[in-house]
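The structure appears below as structure tokens.
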2 protein chains.
Amino acid sequence: MVSQTGIYALQAVLLLARRSDGSPLSAAAIAQELDLPADYLAKTLRRLRVDGVVSSSRGAHGGYRLACPAEDLSLARVLDPFEETRPRRVCLMGGRCDPAHPCSAHDRWSTVTHSARRILEDTSVADLLHDDRPTLTLRTGTDS
Amino acid sequence: MVSQTGIYALQAVLLLARRSDGSPLSAAAIAQELDLPADYLAKTLRRLRVDGVVSSSRGAHGGYRLACPAEDLSLARVLDPFEETRPRRVCLMGGRCDPAHPCSAHDRWSTVTHSARRILEDTSVADLLHDDRPTLTLRTGTDS
DNA sequence: GCTAATTCGGACCTTAGTGTCCTATTAAGA
DNA sequence: TCTTAATAGGACACTAAGGTCCGAATTAGC
């Protein structure tokens with residue numbers, strides 16, 4: 001549901017968000033801090049830059065910064081460049097049920113996928129820095 | 001979250017469950033009915049048999065049957081042989097937060113993964129045949 | 001201007017998931 | 001007994017994700 005690359009991206013973005021001063025952080029420094037594969041993280045950060053999540057400055061003392069305030073950056077925007085969380089299969093049965101006649105697993109499963117998507121869209125990077133929002137709770141229709 | 005192979009397995013098992021008489025259904029027939037890659041589905045059915053989800057009989061007029069009543073067969077048991085739905089990463093941040101000090105995304109995300117797992121465990125193949133159970137509903141803590 | 005630090009971007013490798021193909025084995029029925 | 005239909009199971013191919021490596025371009029500071 002979330003790829004390894006997406007996890008790397010999230011970790012890196014959170015580290016950048018924690019950085020109070022405006023100086024950039026190099027890919028190598030991020031990788032060392034988080035103990036991630038440096039070369040691959042560098043590639044991942046490049047993709048984040050192309051997607052506008054981070055900005056970069058080249059040369060000595062260069063590195064990466066968040067491209068926008070952490071409050072305005074949803075987890076979905078960080079993860080989407082790696083095309084993970086957008087529901088690719090509409091339903092459990094492989095997406096061959098049309099909306100008019102959904103398969104019997106459709107409602108159950110779309111509840112999960114939609115709530116996952118919503119959490120990623122409604123949670124900002126800043127939310128994860130100092131978390132005090134109430135978390136989502138699940139209940140079944142049979143419980144009520 | 002659920003692999004292509006798992007989807008194939010679910011579709012095949014549902015087809016077997018719909019079969020009222022006790023005669024087995026061949027892999028080729030299942031593949032034709034569902035329009036799935038026949039050779040790969042055959043391999044998938046073999047894995048289901050090893051895992052005890054279906055039973056097989058060889059030779060002419062052989063094929064596959066459900067190994068147990070559809071009521072007693074959870075979706076999780078069908079999907080687990082393909083190691084998909086068991087939460088491999090405990091949290092969004094790559095699982096490096098220990099339970100005592102969960103990362104800030106932990107509660108949010110585990111809500112999703114646990115509800116997904118619970119749906120797969122609580123829903124039987126029979127439930128999907130004639131669906132009349134109330135579906136899960138989601139609400140946020142902020143709504144109440 | 002030179003050097004060091006850094007991003008940029010492409011080439012390449014490895015592995016797992018998916019898919020194909022072929023041969024051996026088994027069993028039903030003529 | 002022979003033929004035919006089926007599972008069993010291994011070998012192999014393809015693709016994408018994850019990961020490594022290297023050279024080129026860029027920039028700060030000396």
Side-chain angles (χ1 to χ4, degrees), chain A residues 1-12 16 22-67 79-85 88-89 94, chain B residues 1-12 16 22-67 79-86 88-89 94-95:
Chain A
M1 203 157 198
V2 176
S3 68
Q4 190 61 252
T5 310
I7 302 272
Y8 291 166
L10 254 189
Q11 292 187 259
L16 290 176
S23 66
L25 201 55
S26 74
I30 296 174
Q32 184 176 17
E33 174 74 21
L34 299 174
D35 194 25
L36 302 181
D39 285 322
Y40 191 60
L41 180 67
K43 182 181 288 187
T44 303
L45 285 166
R46 269 173 250 145
R47 278 165 83 180
L48 283 177
R49 185 193 62 87
V50 169
D51 208 72
V53 172
V54 300
S55 62
S56 66
S57 49
R58 303 180 64 172
H61 301 128
Y64 294 93
R65 298 185 187 83
L66 287 191
L79 295 173
D80 278 355
F82 314 101
E83 63 218 70
E84 304 311 329
T85 65
R88 345 179 200 191
R89 298 193 200 84
Chain B
M1 201 158 199
V2 177
S3 69
Q4 189 61 252
T5 310
I7 302 272
Y8 292 166
L10 254 189
Q11 292 185 261
L16 290 177
S23 66
L25 201 54
S26 75
I30 297 173
Q32 184 175 18
E33 174 75 19
L34 298 174
D35 193 27
L36 303 181
D39 286 321
Y40 191 61
L41 179 67
K43 182 181 288 188
T44 303
L45 285 166
R46 269 174 251 143
R47 277 164 84 179
L48 284 177
R49 183 193 63 88
V50 169
D51 208 71
V53 172
V54 301
S55 62
S56 67
S57 50
R58 303 179 64 170
H61 302 128
Y64 294 93
R65 298 184 185 83
L66 288 191
L79 295 174
D80 278 356
F82 315 101
E83 65 216 70
E84 305 310 330
T85 64
R86 283 156 304 187
R88 344 179 201 193
R89 297 193 200 84

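Quick note on labels: first sequence line is chain A, next is B, and so on, each numbered from 1. Just so you know, these numbers use all the heavy atoms, side chains as well, and skip hydrogens, waters and symmetry mates.
- Look at NE2 on His61(B): it is 18 Å from P on dT3(D), rounded to the nearest Å.
- Side chain of Pro37(B), nearest nucleotide from dG19(C), dG18(D), dA8(D): dG19(C).
- Nearest to the side chain of Ala60(B), among dA28(D), dA5(D), dG18(D), sits dA5(D).
- Under 3.5 Å, the side chain of Arg58(A) and the base of dT26(D) form no donor-acceptor pair of N or O atoms.
- One finds no side-chain N or O of Ser57(B) lying less than 4.0 angstrom from the OP1 or OP2 phosphate oxygen of dA27(C).
- Taking the side chain of Tyr40(A) as heavy atoms from C-beta on, and the options dC8(C), dT6(C), dG18(D), the nearest nucleotide is dG18(D).
- Within the nucleic acid shown, Ala27(B) comes within 4.0 Å of sugar-phosphate atoms alone, with no base atom in reach, counting heavy atoms only.
- For residues 41-49 of chain B, proximity to DNA chain D is found at Lys43(B), Arg46(B), Arg49(B), defined as any non-hydrogen atom under 4.0 angstrom from a strand atom.
- The side chain of Tyr64(A) lies closest to dC8(C) when the candidates are dT20(D), dC8(C), dT7(D).
- Taking only side-chain nitrogens and oxygens, Thr5(B) comes nearer than 4.0 Å to OP1 or OP2 of dT18(C).
- Within the 4.0 angstrom heavy-atom criterion, only backbone atoms of the sugar-phosphate kind lie near Gly62(A); the bases stay farther away.
- Each of dT7(C), dC21(D), dG29(C) was ranked by its minimum atom distance to the side chain of Ser26(A); first place goes to dT7(C).
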